[in-house]
Amino acid sequence: MKLTCNLYTNKLIRFSISFAFLFLLSGCSKPGSPYFVGISQCSEDIWRYKQNKELEMGSYIFDNINLELMSADDSDQLQIQQIQEFVDKKVNLLIVVPNSTNKVTDVLDKAYDRGIPIILFDRKTNSDKFTAFMGADNYNIGQTMGKLIADHMKGAGTLVEITGLKGSSPAIERHNGFIDALKQYPRIRVISSELGDWTEKSGEKAMEEVLLKYDGHIDCLFGHNDRLAIGARRVAMSHGINNIIYYGVDALPTPGGGIELVQKGILRASYIYPTQGIELMRLAKKILEGQSFERINLLQSAIVDKSNADLMLTQYKELERTNVDIEMLKGKIDVYFSQVNVQRKVITFFTILVILVILLALLVYRSYLVKTRLNYQLKIVNNKLEERNTEQHKLYKQLEDMADARMVSFTNVGHQLRTPLTLISGPVEQLKCDTSLKKEQRQLVDMMHRNLGNLLKLVDEILDFRKIGIDEPKAIGNDTLPIAPSTDDLVKYDLIDETTVEKPEVLVVDDNADIRELLKTILQDMYRVTLADNGEMGLKKAKMLVPDLIVSDVMMPVMDGLEMCRMIKNDSVTCHIPVLMLTARTLEEHRVEGYAHGADAYLTKPFSAQVLLARICNLLSTRKTLRKVFAENVADSSSQVIENIDEQLQTSDNTFIKRLRDTIQQNLSNSDFSVERIGEEIGMSRVQLYRKVKALTGMSPVELLRKSRVEKGRHLLKTTDLSISEIAYDTGFTSPSYFSKCFKDEFGMSPGEVRQG
Ligand code: FRU
């Protein structure tokens with residue numbers, strides 16, 4: 001469909017271009033080329049002038065003919081040149097009035113031989129090489145005039161003839177006809193046949209010659225044209241000869257022409273010599289267009305004398321008016337055509353403009369179609385690419401998942417290897433510290449220690465491979481074998497809670513019995529150790545015993561270490577207990593997960609016994625520094641409430657301390673207020689309360705209550721006038737002496753000493 005549309009558009013564009021050019025050409029040229037017709041006139045006179053005007057008129061009437069006219073000015077030589085010029089210009093047709101009969105024959109024969117049609121008019125050559133002839137019968141003219149004159153002379157008298165140009169056919173023929181006619185009249189004597197050349201001047205000259213030779217009476221004079229007769233008359237009259245009767249030929253109807261002369265009586269008669277320019281053009285057109293035509297066209301004519309001169313002139317004037325009208329019409333037609341031409345050019349211009357605009361619109365539309373199609377194809381390609389991308393992405397994801405799954409199982413194997421390695425490294429470590437070993441035994445232990453180190457390195461490399469894969473920073477863990485404890489570490493161990501009467505209690509939670517036993521072995525010298533084999537059991541024991549610290553594995557059945565840790569930290573009874581996660585999971589993400597569940601410390605397997613002990617020691621001593629602050633805070637009502645004293649301190653611990661303080665401070669004066677009542681108020685069992693208060697403040701609830709009472713007593717001693725006995729009862733002591741004892745135990749001074757100052 002689109003292809004058809006494009007083909008259609010292309011055809012339309014091509015058609016439009018062709019049409020535009022055809023239209024342009026048709027707008028710029030006339031239909032068909034005009035014919036070029038050359039006219040070679042022999043002379044320039046009024047007769048020729050009239051004929052030339054008629055020829056011009058004929059070219060108007062017979063459209064499509066371009067005329068060019070040249071006049072030889074009665075010169076044979078000039079006429080030969082001009083005819084040659086027309087031939088060179090490649091005229092389509094030649095109209096020639098030969099000046100003389102034989103002088104132009106050669107050039108005309110050559111033109112004829114080259115295929116140029118030739119019309120001879122008025123005058124002839126002695127060659128047969130012409131296409132057509134048009135003109136009057138000059139012999140007949142001469143003969144008619146001879147008879148007319150003879151009749152006027154009544155057959156007797158004297159006569160002068162003045163001829164036209166010597167050698168021109170009309171002169172020859174007119175003379176012959178004239179002489180032949182006079183042969184019938186023997187009593188008429190032609191005194192002289194004098195030569196002229198068709199001009200008035202030559203008529204004058206001829207008459208001078210006649211009068212020189214002859215001084216007798218002359219009855220009549222015949223000029224071969226009217227101008228010759230007039231010239232002769234002028235000379236005769238100048239000689240005082242006024243009685244000659246003059247005859248001529250031509251009888252032009254124009255002002256001063258033969259008809260007017262006849263009308264005025266200057267000439268007795270004249271013979272109309274037809275100009276017939278329009279007929280001449282009609283003949284030329286026939287020849288040019290290949291129509292049939294007459295080769296010899298003789299023009300009919302008539303004598304003009306006093307009897308018809310007026311009528312002739314009237315007719316001529318009407319004809320002239322018609323000619324004027326024709327000329328005017330021609331002028332209008334010329335204007336009309338020039339306007340039409342301008343309009344045609346304007347229309348052509350605008351048509352081309354419209355066609356160009358249409359072409360432009362078509363081109364724009366076509367480029368729009370192409371663009372739309374390209375966009376559509378581009379969209380399809382993009383969609384395909386996107387589909388392929390999605391598929392590749394899926395494939396990649398599958399591969400990645402597979403690689404991840406492999407990596408996870410790979411890592412798990414690594415992690416699982418760590419537990420037995422830990423179990424081996426612990427005992428080897430202890431053996432290494434044994435000073436009672438023999439030399440050979442020590443060497444064997446060292447060898448075991450070294451190879452254990454190599455094995456651990458291999459496991460770590462396996463786990464490092466995973467870390468490289470996910471671009472994870474190297475996990476901080478024990479990647480070396482446990483080392484012997486430094487002096488600093490040993491000093492730290494001595495610092496563990498010197499205030500504690502009994503050892504601190506550590507709860508060990510691990511599903512691996514060997515690990516539990518190993519930990520017990522490591523810890524039991526310094527701590528009371530309680531064991532649990534999964535998270536659920538660990539949580540239960542933590543709530544019941546409220547130990548000082550919990551060491552827990554992460555991955556365990558029933559409840560894992562993370563969940564257990566979360567629940568311990570969410571319980572107000574256990575939330576203060578530091579939890580140390582001990583796991584084979586070494587990755588940073590596992591560590592983060594552990595801390596997110598509330599773990600206080602994180603150690604990876606295999607662990608160093610010394611580092612484990614040091615870490616436990618740190619956690620406990622951090623608590624120890626807080627205890628004093630808490631104890632002061634609870635016991636002294638004037639001290640500020642602690643808000644987030646340490647970032648490791650649980651919010652719930654703060655809440656617990658606040659509630660404990662408020663409960664104690666509000667019941668100080670009540671001597672019946674006991675530790676059991678505190679437990680009830682706070683919602684803890686006696687044991688839980690004891691372990692919690694002890695852990696947070698380092699004091700038992702009873703000690704804390706007693707301390708709070710004596711603090712209040714000291715405050716009252718300093719700020720009131722109450723007696724010591726009153727103060728003792730006010731602070732909940734049942735006797736002043738017990739108050740004084742407790743006071744002195746706390747501050748090293750008796751209440752009386754404090755009061756005095
Ligand atoms: C005009 C003219 C006429 C005459 C004719 C003969 O040029 O001289 O007067 O009749 O030529 O060719």
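As the structure lists them, so they are numbered: ligands from 1, and atoms in each ligand from 1.
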| query | Ion pair present between D122 and R48, side-chain N to carboxylate O less than 4.0 angstrom? | reply |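 Salt bridge flag = yes for R48 with D122.
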In the protein, what heavy atom is nearest to [atom], and what distance, to one decimal place, separates them?
{"atom": "atom 12 (O) of ligand 1", "answer": "R123 NE, 2.7 Å"}
{"atom": "atom 9 (O) of ligand 1", "answer": "D250 OD2, 2.4 Å"}
{"atom": "atom 2 (C) of ligand 1", "answer": "R48 NH2, 3.9 Å"}

Ligand-residue contact atoms, ligand 1 with [X], heavy atoms, under 4.0 Å:
{"X": "Y273", "value": "5 (C), 10 (O)"}
{"X": "D45", "value": "1 (C), 7 (O)"}
{"X": "N225", "value": "3 (C), 8 (O), 9 (O)"}
{"X": "W198", "value": "4 (C), 6 (C), 8 (O)"}
{"X": "D122", "value": "6 (C), 12 (O)"}

| said: Tell me whether H224 has any N or O atom under 3.5 angstrom from an N or O of ligand 1. | reply: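 So ligand 1 has no N or O lying under 3.5 Å from an N or O of H224.
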| salt bridge (Lys or Arg N to Asp or Glu O under 4.0 Å) pairs, two or more places apart, involving residues 128-139 |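 Listed once each, the pairs are D113-K129, D128-R295.
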| task | Kindly say whether the aromatic ring centers of F178 and F222 come within a distance under 6.0 Å. | result |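 Under 6.0 Å, so yes.
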| query | For the ring pair Y247 and H152, is the centre-to-centre distance below 6.0 Å? | reply |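 Under 6.0 Å, so yes.
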| salt bridge (charged side-chain N to carboxylate O under 4.0 Å, His left out) between K286 and E294, intermediate numbers included | CA-CA 10 Å; K286 276 185 184 174; E294 291 290 331; over 6 Å; no
| Which is it for R174 and ligand 1 at heavy atoms under 4.0 Å: side chain, backbone, both or neither? |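 The answer is the side chain of R174.
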| For ligand 1, is there an atom lying under 4.0 Å from some heavy atom of V249? |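 Flag not set, V249 not near ligand 1.
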| message | Between W47 and T254, does the side chain to side chain donor-acceptor pair (under 3.5 Å) criterion hold? Intermediate values first, please. | response | CA-CA 9 Å; W47 191 92; T254 50; over 6 Å; no
Which atom pairs, one a donor and one an acceptor, fall under 3.5 Å between side chains of residues 332-339 and the rest of the protein, sequence neighbours left out?
{"unit_1": "D334", "atom_1": "OD1", "unit_2": "K330", "atom_2": "NZ", "d": "3.0"}
{"unit_1": "D334", "atom_1": "OD2", "unit_2": "K330", "atom_2": "NZ", "d": "2.4"}
{"unit_1": "S338", "atom_1": "OG", "unit_2": "V335", "atom_2": "O", "d": "2.8"}

| query | Would E173 and K124 satisfy salt bridge (charged side-chain N to carboxylate O under 4.0 Å, His left out), going step by step from the backbone distance to the final call? | reply | CA-CA 10 Å; E173 288 170 357; K124 295 172 184 167; 3.2 Å; yes
